[in-house]
Every structure is written in C-alpha cells, then in structure tokens.
Protein chains: 4
Amino acid sequence: MIVILKPNPNPSQLSHLKTWLESKNVSIHESVGDSHIILGLVGDTSKLDMDLISAIDIVEDVKRVQEPYKNANRKFHEEDTVIKVGNTQIGGGTLTVMAGPCSVENEEQMLSVARSVKAAGATILRGGAFKPRTSPYAFQGLGKEGIDLLKLARKETGLPIITEIMEISQLPLFDDVDIIQVGTRNMQNFNLLRELGRQEKPVMIKRGMSATYEEWLMSAEYVMASGNENVILCERGIRTFESFTRNTLDIAAIPVLKKLSHFPVIIDPSHATGKSALVPNLAMAAVAGGADGVMIEVHNDPSKAWCDGPQSLNPEAFEKMNKKLIALHSFMKTMED
Amino acid sequence: MIVILKPNPNPSQLSHLKTWLESKNVSIHESVGDSHIILGLVGDTSKLDMDLISAIDIVEDVKRVQEPYKNANRKFHEEDTVIKVGNTQIGGGTLTVMAGPCSVENEEQMLSVARSVKAAGATILRGGAFKPRTSPYAFQGLGKEGIDLLKLARKETGLPIITEIMEISQLPLFDDVDIIQVGTRNMQNFNLLRELGRQEKPVMIKRGMSATYEEWLMSAEYVMASGNENVILCERGIRTFESFTRNTLDIAAIPVLKKLSHFPVIIDPSHATGKSALVPNLAMAAVAGGADGVMIEVHNDPSKAWCDGPQSLNPEAFEKMNKKLIALHSFMKTMED
Amino acid sequence: MIVILKPNPNPSQLSHLKTWLESKNVSIHESVGDSHIILGLVGDTSKLDMDLISAIDIVEDVKRVQEPYKNANRKFHEEDTVIKVGNTQIGGGTLTVMAGPCSVENEEQMLSVARSVKAAGATILRGGAFKPRTSPYAFQGLGKEGIDLLKLARKETGLPIITEIMEISQLPLFDDVDIIQVGTRNMQNFNLLRELGRQEKPVMIKRGMSATYEEWLMSAEYVMASGNENVILCERGIRTFESFTRNTLDIAAIPVLKKLSHFPVIIDPSHATGKSALVPNLAMAAVAGGADGVMIEVHNDPSKAWCDGPQSLNPEAFEKMNKKLIALHSFMKTMED
Amino acid sequence: MIVILKPNPNPSQLSHLKTWLESKNVSIHESVGDSHIILGLVGDTSKLDMDLISAIDIVEDVKRVQEPYKNANRKFHEEDTVIKVGNTQIGGGTLTVMAGPCSVENEEQMLSVARSVKAAGATILRGGAFKPRTSPYAFQGLGKEGIDLLKLARKETGLPIITEIMEISQLPLFDDVDIIQVGTRNMQNFNLLRELGRQEKPVMIKRGMSATYEEWLMSAEYVMASGNENVILCERGIRTFESFTRNTLDIAAIPVLKKLSHFPVIIDPSHATGKSALVPNLAMAAVAGGADGVMIEVHNDPSKAWCDGPQSLNPEAFEKMNKKLIALHSFMKTMED
C-alpha cells in the first residue's frame with residue numbers, strides 16, 4: 001500500500017501517523033520528493049483500512065498495490081477451480097452449456113424444453129422458479145412448485161439443475177438443487193453470499209449490472225471466506241449508455257477473470273443482449289474467447305414465454321447453435337499451446 | 001401501447017394476434033403505412049406483457065405510452081406525499097436534514113455526534129447498524145447493539161432515527177426505528193420491498209447504482225402495492241465512467257421525480273461524492289434545486305471513522321454548512337410562485 | 001413516426017398540428033385511447049424533424065418507427081459492402097488482419113514491424129502518423145514523414161496501408177494512402193466526414209467512445225451522403241464504469257451492425273483493452289463472433305514504443321496469435337449454413 | 001510517479017530500468033516489500049511517459065502522484081481566472097448568464113430573442129451559426145450569415161456574443177466574435193484546440209460527452225500550452241445509462257473544477273437535460289452550487305425552433321427564471337465566508 005501525503009505535512013501529525021502504522025505491523029519506506037512525501041507500506045496490509053487512512057488530514061491519496069481478495073486470487077491459488085456436478089463438470093477444459101427456460105411455467109413446458117436441450121447436447125438444465133421482476137404486477141415465478149418441476153425434468157433427462165435463489169429464507173428449498181444461482185441484483189446481497197458460503201453446493205454468481213471485476217471477485221470472496229470454495233462466475237452484460245441491446249456483454253471479462261482468479265467463467269448472451277437473433281454470434285465468441293461455457297435461454301415457444309421471450313431461442317435454433325459450439329470447442333482444443 | 005409490425009406480416013398470424021389482443025379487453029386501432037403496420041392498443045394495457053408481445057414473430061417493436069407504475073405516479077396521485085415522523089415531517093415544504101455517522105461505533109461517538117447535529121439544526125438522526133461492505137473482512141456494523149445506541153441517542157436528543165435494513169429477518173429489530181432505509185444494493189431486493197410494504201413505517205429507498213428513474217419508481221411501487229404509502233426517495237449518485245468522485249450525483253433527479261411521482265426527494269451528497277470537501281456545494285445545490293432535504297455523514301473525528309471517513313464532515317463543518325442550508329431554504333421560500 | 005399527444009389536447013391546436021403535418025405530405029392515422037390520442041404518420045417521414053414535433057405544446061412524445069439512416073441501412077442495401085484494396089479485400093468472407101505499430105517512429109522500426117506482420121499473415125499495414133494525444137506534451141506523431149515511411153513499408157511488403165487523419169487540411173497528404181482512418185475522437189467531426197465523402201478512398205470509422213450504434217451509423221451516412229460508399233466500421237471499445245481495461249469491447253456490435261447495415265466490421269482489441277495479454281482472446285472471439293477482421297497493434301519492442309506500448313504485441317506473440325486466427329477463420333467457414 | 005514491479009523482477013532488467021530512469025533526471029527511492037518492489041520517482045516526472053514505463057516487462061503498474069496538467073492546475077496558478085468581455089466579465093464573483101437560441105435562424109428571430117434576454121438580464125448572447133448535427137439531412141446552421149446576425153444583435157443590445165466553431169478553417173469568420181465555443185464533440189479535436197491557443201479570444205470548452213475531469217483539463221492545457229490563458233469550462237451533461245434526460249448533469253463538476261483548476265465554470269442545463277421543464281431547477285442548483293454562470297437556450301417560439309426546441313425556454317419562462325437566479329446569486333454572496 002502506498003500513502004501519498006499532502007505537500008508540507010504537519011510534522012507531529014506525520015510522526016503520529018507513522019507510529020500508528022507501525023503499530024499495525026507494517027514497515028514504512030519513506031520517499032521524500034520535491035512536492036510530496038510517499039510512504040510505501042510493507043507487510044500484511046490486508047487489515048489496513050484504506051478509507052480510514054484516506055480520511056487523515058495530511059494524506060492526499062492512498063493506493064493499493066495488492067488486490068483486496070485473497071481466496072479468490074489466482075496469485076494464491078494457482079490451479080483452476082473445477083466443479084463436479086452430476087456426471088459433468090464445470091471448468092477444467094469441459095464445455096458447459098446451461099440451457100432452459102427463463103421461467104419454469106408448467107410440467108409440459110419444462111419437460112419439453114428439458115428433453116430438447118438434452119438432445120441438443122446441453123450439459124446442465126436451467127430454469128427460474130423465483131423470478132426477480134421489475135414490476136410487482138409481473139409473474140414472480142412458481143416458487144417451490146417450479147423447483148419440483150426442475151427436479152422432475154432432471155429425473156427425466158439426467159441433467160443437473162441450476163436455479164436462482166432470491167433470499168436466505170428460501171435456502172431449504174434448494175437442498176436438492178445442483179447449483180445455486182445468485183442473480184445480478186443480489187451480487188452484493190452480502191448476507192445471502194455469506195450464508196451460501198456456509199453450505200456446500202456450488203454457487204454461480206452473476207455479475208452485478210454495474211459491478212467492477214474487483215467488486216465481483218469480492219462477492220466470490222464472501223462465499224469462500226465462509227467456507228465454500230465452489231464458485232462459478234457468470235458474465236451477463238453490464239449496463240452502459242447503449243440501449244439497443246439490453247446490456248453490453250463484456251467479453252474481456254473472460255481473460256481478465258482467468259488472469260485474476262481461478263474460477264470457471266460462464267457467459268450468458270441471452271440476458272446480455274435481450275435479443276435471440278444476437279445470441280449465436282455471442283455464444284461462439286464466448287467459446288473462442290476462452291469461456292468455460294455458456295448459459296442460454298431456450299423456450300419451446302418463445303412467443304408464449306411468461307418472461308424474457310424475445311431473448312429465448314426455440315429448440316431448433318438452440319440445436320443448430322449448440323452443434324457449432326461443440327465443434328468450435330473441439331477445434332479450439334486442437335490449437336491449445 | 002403501440003405495436004409495430006415487421007413489413008409484410010403473415011396475414012393469418014396477424015389475425016391471430018388481433019384476436020388474442022381483443023381477448024385481453026383492449027381495442028385495436030390499425031394504421032397501415034408504406035412500410036409498417038402499426039397497432040394502437042386502447043384500454044387497460046397494464047396487464048399486457050410487453051416482453052411477450054415483443055417475442056411474437058411478426059412484431060418488430062412494442063412501445064409503451066403509459067408509465068408502468070400506478071401508485072407511484074403523479075398522474076393518479078396529484079398531491080405531494082408528506083411523511084410525519086416524531087415532531088418533524090418530510091416533504092410539504094419542510095427542510096429535512098438527516099445527519100449522523102456512517103456507522104454507529106459506540107455510545108460515546110453516537111451521543112457526541114447526535115448532540116452536535118441536533119445543536120446544528122439537523123431534523124433526523126442517521127447511523128448505520130448493519131453495514132453492507134464490499135469486503136467480508138471489513139467492519140460489518142454493530143447490528144442490534146447499533147440500533148440500541150441509536151435509540152439512546154434519540155432519547156437524548158429527541159431526533160427521530162433512520163437506519164438501514166439488509167434483509168427481511170432483521171425486521172423485528174426495526175420495530176422501534178422511525179424510518180427504515182433500503183440501501184442502493186437492495187433497491188431491487190423485491191422480497192424485502194414487498195415485506196416493507198406490509199408494515200407501516202416510512203421506507204426511504206436509495207437509488208440503485210445503475211437504476212433508471214423508472215426502475216426506481218417501480219421499487220417504490222413494490223412497497224406501495226403491498227399497502228405502505230410512506231415512501232421517500234433518496235438520490236445518492238449513480239455509477240458512471242468518472243472515477244474522481246465515488247459516484248455522479250444526478251441532480252436532475254429532483255425535478256424529474258417531482259414531475260413523475262409524488263414522493264419526497266432527499267439528496268445524499270456524502271455517498272455521491274465520497275469526498276467531504278465537495279459535500280457543502282452539492283448540499284446547497286440540492287436545496288436550491290428543489291430537494292426536500294439532504295442526508296449528510298457527520299463524524300466527531302472523520303479520520304477515526306470505522307467506515308467512509310473521507311466523506312464525513314466534522315461537527316464544525318456540518319454546523320457551518322447547515323446554517324447556510326437553512327438560510328437558503330428560507331430564502332427559496334420567498335421566491336416561490 | 002408516431003406522435004403521442006398529452007391528455008385532452010386543445011382542439012384548435014390539434015387541428016393546427018394535423019393541417020401542418022399533412023402539408024408535409026404525410027397522412028395521419030388517429031387512434032383515440034382512454035387517456036391519449038396517438039397519431040400514426042405514414043409516408044416519407046425522413047424530412048420531419050422529431051425535435052420540432054416534440055416541442056409542440058400538446059405533444060407528449062414522438063417515437064420513430066424507421067431508422068434515420070438510409071444509405072447505411074441494410075433494408076435498402078441488402079448485399080454486403082466489399083472493399084477492394086491492393087491485392088486484398090475487406091468483407092465478403094475474407095479475414096482482414098490490420099497490424100502494425102501505434103505510431104510510426106522511424107524507418108528501422110517501421111520496416112521491421114512491416115516485415116514481421118507480413119510474414120505472419122497480416123493483410124493490411126497500420127501505423128499512426130498523426131496521433132491524437134490527450135496531453136499537448138506527448139509525442140504527436142511524425143506527420144508527413146510518418147506517411148512516407150508507411151509508403152516505403154508498403155513498397156517493401158506489398159501490404160496496403162491504413163492511417164488516421166485528424167483534420168481536413170491534412171487530406172492532400174493522404175492521396176496515396178489506401179484506407180483513411182477516422183479516429184474515435186473524430187467520429188462526429190461532421191465536416192471531416194462530409195469531406196471524406198467527397199473523395200473515393202475507403203474510410204474506416206472507429207466508434208466514438210460513447211457513441212450509440214445509431215450515431216455511428218449516422219456518421220457512416222454522412223460519408224455516403226456525400227458520395228463515397230466505401231465505408232468500414234471499427235469497434236474499439238466503449239467507455240464504461242469498468243477501468244481495469246482501458247475500454248469495454250462491445251462484441252455484440254458485430255451481429256448488430258451486420259443486421260442494421262451492410263458494412264464490413266473490424267474489431268480492435270488493442271485499444272479496447274489497453275493490455276496486450278488480453279488481445280489474443282478477444283481477437284479469437286471477434287473472428288468466431290462474425291467480424292470481418294481485426295486491427296492489432298504490433299511493435300518490435302513494445303517496451304520502447306512511443307505510445308501505447310502496453311497494448312502492443314511483439315512480433316512473436318502476433319505471429320502465434322495470427323496463425324490461430326487464420327485457422328479459426330477457415331474452421332468457421334466450414335460451419336457456415 | 002510510483003512504479004510497482006512484478007514479483008521477483010529479473011535483476012539485470014531492474015538495473016537497466018534504474019539506469020534509464022536516472023538518465024531522465026529523476027531520482028529513485030526503492031522500497032522492497034514482501035511481494036513487490038516499489039520505485040518512487042522524484043524530480044520532474046512530467047516528461048516521463050507513463051505508457052512507456054507500463055510496457056516494460058518487469059513493471060506491474062505505474063501510478064501518477066501529480067496531475068498531468070500544469071498551466072490548468074490550481075496548485076501552480078492559485079488565483080481565479082477572470083475573463084473580461086465587453087462590459088461584463090466571467091468569473092470573479094459575477095453571475096454570467098449566456099442566453100439565446102440554439103440556432104440563429106433569421107434576423108427577426110435573432111433580434112427578438114436578443115432583446116428579450118437582454119431585458120431579462122442576460123449578460124452574454126449565445127446562438128449557433130455552425131451546428132454539429134447527428135444527421136447529414138438536418139439543418140446545419142446559417143454559417144457566416146448566422147455570425148453576421150449575431151453581430152447585428154450585439155449592436156442592438158450591447159451584449160457580447162458567443163458562438164461555436166467546428167473546424168480550423170472557420171477561424172477567420174470568428175474574428176469579431178467575443179467568445180469562441182468548442183462543442184462537446186470537439187473537446188478532443190487537438191488541432192483545433194492548439195490553433196485556438198494561438199489566438200487571443202476567450203475559448204469556452206464544453207465537456208466531452210464521456211470525458212473525465214482530467215481529459216477535460218488536458219484540453220484546456222492544450223489551449224494554454226499554445227499561449228492563450230482565457231479559458232472557460234462548460235459542463236453540459238455526460239452520457240450515462242439514464243435516457244429519460246438527454247444527458248446527466250454532473251453538478252459535482254463545479255466544486256471539483258474549482259479545486260483542481262482556476263477557470264470559470266459555466267453550467268448548461270438545456271443540453272444536459274433536453275427538457276425545458278427541468279431547466280429552472282438545475283440552473284438554480286448550479287448557482288447555489290458555486291457555478292460562475294449558466295448557459296440557457298431561449299427561443300421566441302420553441303415549438304418552431306429549427307433545432308433543440310424541446311429544451312428551449314420561451315422569453316417569459318426565461319425572464320421568470322433569471323430573476324430568481326439573480327436574486328439567488330445576490331443571496332449567496334451574503335453567505336460567503
């Protein structure tokens with residue numbers, strides 16, 4: 001950590017600051033420049049509160065040298081995290097394709113979509129039982145019944161299931177779910193993250209709409225700090241000024257997260273664009289860009305979907321795309337160093 | 001609602017669509033243009049799902065004519081909402097000044113700050129007991145003990161208290177709090193909003209970091225739809241590309257919200273900027289711009305605050321600023337139409 | 001175009017508005033709803049000024065049904081634009097790889113980089129002679145001498161050259177350049193665009209840092225409206241709240257622009273990220289996502305580059321990446337429908 | 001400047017780097033930490049190229065301690081810049097009100113608006129002769145004739161005039177203009193800025209749509225570096241995700257720019273919001289927030305304005321607002337420390 005002092009700091013305040021810093025078990029390297037004194041702090045600075053130091057009168061700025069996350073950090077955890085669910089795994093060179101409807105609507109729809117995506121090569125079944133909806137008047141999901149239908153579809157197809165949790169009190173209903181999804185609006189629901197860290201199921205954290213990489217990794221850190229190492233990250237588009245697409249897919253998140261952390265990275269082009277016609281190009285880009293997988297909305301009849309119809313592929317379009325994704329993934333393997 | 005069709009729609013699909021729309025009790029006005037057919041839907045369109053219609057093959061675009069919120073809408077609720085707490089009120093021409101520390105730290109700090117802000121003319125006491133912190137390793141608030149200290153400070157000063165809730169299970173602890181704050185990260189925690197709508201205490205909803213006005217008003221709609229009309233909105237800066245300030249205060253939110261809705265509007269320049277030196281100018285701007293009040297972080301010793309020190313004013317700076325705010329507010333009244 | 005009136009419009013104003021609209025040769029379809037009257041305007045609405053109509057007292061909102069660009073519009077220009085330069089072409093199924101240094105520095109550097117990128121399979125040589133630099137104290141490019149060195153490198157390697165113009169007065173120096181680049185800061189330099197439309201060389205327009213797709217296509221429209229149909233679009237990252245990367249590459253621009261317009265689309269991962277380690281993943285994503293090509297900064301010694309060193313690949317890294325890009329492009333062709 | 005090295009740097013590269021830095025006349029303070037070596041560079045670092053240093057293999061990050069602008073910097077230019085034009089001044093405690101139509105349309109319109117705003121207390125007359133329009137088919141301004149009409153209006157009213165330049169070649173037409181405006185799309189037209197630095201007229205630089213404070217001040221630095229010290233800054237809203245208003249007015253720019261630099265700061269609420277109904281609140285906020293003035297669009301008949309009608313006030317609304325602005329400005333003076 002580097003502390004930059006304002007010009008001509010009061011000497012007694014400076015001496016006070018140095019004593020205090022040393023009491024925190026860091027050692028101080030002082031550089032006296034023409035206009036500024038700079039303190040380089042060496043040692044375990046993770047317990048130092050940057051905000052607190054910034055607030056001190058004689059301090060102009062504080063800059064961090066090390067990342068504020070540890071468990072999530074590639075530097076301290078070199079090998080890739082690989083997560084096993086059912087007969088498949090996420091990360092470690094496998095192509096993960098999570099597919100299914102935005103909302104679980106009824107048995108017929110759920111089973112129909114589940115069979116289609118299984119046949120087309122999906123590896124994990126998605127479906128929303130609890131739906132965060134902007135409007136209190138919109139369909140809010142089937143809740144427990146939705147989870148039961150997902151389990152039924154799992155029984156039919158053998159695909160592990162992933163579904164979204166919206167609050168801690170719902171956790172018992174997720175006992176028999178394979179992966180718990182934390183949605184974009186809950187990425188900084190810290191109590192929920194902490195609680196999900198206290199159980200063992202894999203947790204897939206979607207990026208908050210305007211979350212930085214660092215904030216996102218800090219949310220993963222919350223889960224890991226409570227004891228659960230099974231974290232997956234899912235980029236689903238960030239909010240920008242461009243409104244033609246629902247969000248802006250940040251494709252650079254793939255190599256960035258691979259460099260900074262050790263988690264599997266999934267790309268969700270359906271939510272990122274909000275337009276099904278754009279999904280195949282972005283899914284291909286994701287696979288070639290190094291993602292561990294994609295999450296795709298598929299509906300047996302998108303024009304009758306209870307939510308997010310415009311971004312859902314129908315089973316035929318999904319099958320056509322998924323064949324290409326699988327072929328591309330195999331081809332990419334032949335080019336690995 | 002207006003439905004714009006793709007060029008040359010399939011006639012049987014079009015006829016099907018019209019029948020379906022009529023079954024929803026809306027009537028249809030069709031305009032046939034050179035390149036597009038446009039359907040104007042008339043009647044109660046609030047039950048129609050825009051997303052669903054957008055997903056239909058022959059539909060190019062759907063545009064809403066009316067806002068998706070009703071209870072929150074100025075059009076259906078002309079008079080300003082005025083909220084009474086303790087001996088003061090929020091809205092209705094009163095200048096509200098919520099002041100206090102970011103975190104409640106201990107009895108001495110809390111009472112000292114409370115006495116100072118009371119003496120300087122604050123009308124409501126703020127203080128965080130549950131703190132949403134980006135890092136799992138940072139101080140997370142005193143919890144119940146913090147709320148007890150706030151109540152003690154209320155007893156001492158007579159100031160009503162406002163503090164932030166982070167999840168539904170904490171609600172019983174808020175029984176004796178005057179105003180419940182929903183933080184920026186929980187603005188779309190829909191379950192929490194619904195629950196807060198089922199009780200009677202006023203709820204202050206801070207704007208999400210990248211929430212549009214419409215999304216923010218939909219969150220207010222969640223609270224109102226469950227029965228609680230006592231909503232206050234607080235603009236605390238939005239996330240933009242500019243990183244010199246912590247966020248970008250959207251001052252236009254004041255007249256926009258006053259036009260679209262009927263709620264009191266509070267401005268929080270402390271979180272908006274993250275720099276105490278910028279707070280007074282923005283607080284003055286807020287009052288002159290028509291806000292019903294401001295929320296200001298004050299700490300007896302900002303350089304020792306356990307969180308957000310750099311944005312806190314000390315009691316002297318607060319007093320100096322608040323005198324000006326009060327004078328400005330009185331002056332603005334002399335210029336009302 | 002759709003005009004939504006405020007509730008209960010003044011009848012004489014409404015009649016006045018309708019007469020005026022009819023005088024513009026559009027016909028009007030009126031839908032009378034419970035709360036709003038909606039006017040659907042049919043005919044050539046491209047000459048109507050939305051802003052002017054929005055300003056009329058009785059008008060609540062105006063919505064466009066058709067895009068404001070015509071020459072750039074896929075709807076009126078179905079076939080892909082293919083641009084021939086030297087022995088290569090841009091668009092039409094060819095993989096374009098523009099490579100070279102950020103700045104032309106001297107003969108040795110320019111020839112060395114040119115030979116390397118040619119050997120590694122680049123199809124076009126890039127290099128900056130006029131450099132838009134944030135600081136007046138930074139290196140501003142070699143100007144005419146830089147263009148001469150580019151021509152020398154073209155003579156050596158046979159690669160066509162692309163370089164950036166900064167203002168109209170420089171145009172004579174671009175007489176013998178193959179493609180003229182308009183940089184992100186000049187995307188809305190309308191006088192420059194108009195002038196570039198009056199000559200015949202291909203023009204590559206980089207997206208403005210915060211330009212929408214529509215604004216970008218309107219800039220292409222400026223060039224085409226003056227008579228030059230040879231336009232290429234280059235996505236180079238947009239400005240968002242994320243600052244870990246220099247910009248955020250909007251990968252969805254590829255399918256969006258392919259759908260809305262007919263231009264070749266080039267992706268520039270070097271400027272999009274500002275970090276050379278991220279470039280290969282994004283270049284691969286671009287090719288798999290359907291881009292017509294990429295633009296890559298290559299420097300013989302990135303740590304001595306006069307500008308943008310951190311985002312430049314060295315020749316070895318470029319060669320390694322480009323082999324993969326070429327193989328991927330061939331593979332993608334095998335999967336075309 | 002601080003250079004943070006990657007863990008375990010190659011010793012010969014490190015020694016090489018240090019020798020090279022010392023050859024640039026900076027001295028080096030080295031801090032050896034557990035995981036990183038940090039070099040503090042002391043001396044005149046303004047000639048060091050951060051990008052170049054960042055590109056060096058063993059360097060992880062480079063952080064600047066001092067701002068990259070000098071002439072624009074409050075630290076080296078303590079007193080406020082005050083600009084005299086005609087009988088008025090900008091800065092130095094005067095309230096500047098620039099008012100007039102978006103576009104100069106004809107003599108009658110220009111004189112009518114000029115007389116109204118003069119009568120209502122405006123101090124400077126604005127009007128666009130060259131108009132940057134997104135569409136090549138929209139009205140592009142009257143050009144030279146527009147400037148002549150502005151001069152005529154100045155003769156009538158005595159008000160100094162400000163109008164926008166779009167490219168260097170237009171400069172001779174601005175010979176008799178009082179203030180030259182650089183629009184948001186030209187904020188980083190560096191050639192134009194440099195040229196404007198070589199003449200003596202005051203230059204008002206509007207903030208680029210997505211420009212940081214630092215980039216904006218660097219544009220002012222371009223003008224000053226060429227010899228012209230008469231710079232005014234105008235905040236006109238930045239581009240964000242919120243689309244209800246045309247842009248988002250960054251009110252914090254006022255105290256930030258006052259702290260970092262010494263220029264007068266003008267706020268343009270008309271372009272910031274695009275909605276005339278929001279203009280008065282934001283203009284009041286600007287004056288109370290410490291701005292030196294405002295720039296307001298006024299049109300004798302906004303519904304017939306040739307551009308930007310929806311954001312123009314009519315003369316009555318302007319007069320009503322301006323009375324309040326003037327009264328507020330006087331009141332604010334009574335509260336100065």
Side-chain H-bond candidate by donor/acceptor type, C:N300 with C:Q109, under 3.5 Å: no

Side chain, backbone, both or neither: which part of D:A211 has an atom under 4.5 Å from a heavy atom of chain C? backbone

Go through the atoms of C:T184 and report whether side chain, backbone, both or neither lie under 4.5 Å from a heavy atom of chain D. neither

Looking at D:R194, D:M209, D:E215, D:E214, which one has more heavy-atom pairs under 4.5 Å with chain C than the rest? D:E215

Scan side-chain atoms only and decide if D:E167 and D:S169 contain a donor-acceptor pair under the 3.5 Å cut-off. yes

Cationic N near anionic O, under 4.0 Å, D:D250 to D:R207: yes

Heavy-atom distances under 4.5 Å only: say whether C:R239 touches chain D with side chain, backbone, both or neither. side chain

Give the member of D:M224, D:M187, D:Q188, D:M166 that has the highest number of heavy-atom pairs under 4.5 Å with chain C. D:Q188

Okay, side chain of C:N314, backbone of C:A317: is any donor-acceptor separation there less than 3.5 Å? yes

side-chain contact (heavy atoms from CB on, under 4.5 Å) with C:I180: which of C:I205, C:I165, C:N228? C:I165

Tell me which of these, D:P132, D:P136, D:S54, has more heavy-atom pairs under 4.5 Å with chain C than the rest. D:P136

Measuring heavy-atom distances to chain D, does C:Q170 have an atom under 4.5 Å in its side chain, in its backbone, in both, or in neither? side chain

With no hydrogens and no angle check, do the side chains of C:N71 and C:E221 hold a donor and an acceptor under 3.5 Å apart? yes

Counting only non-hydrogen atoms closer than 4.5 Å, does C:I168 touch chain D with its backbone (N, CA, C, O), its side chain (CB onward), both, or neither? side chain

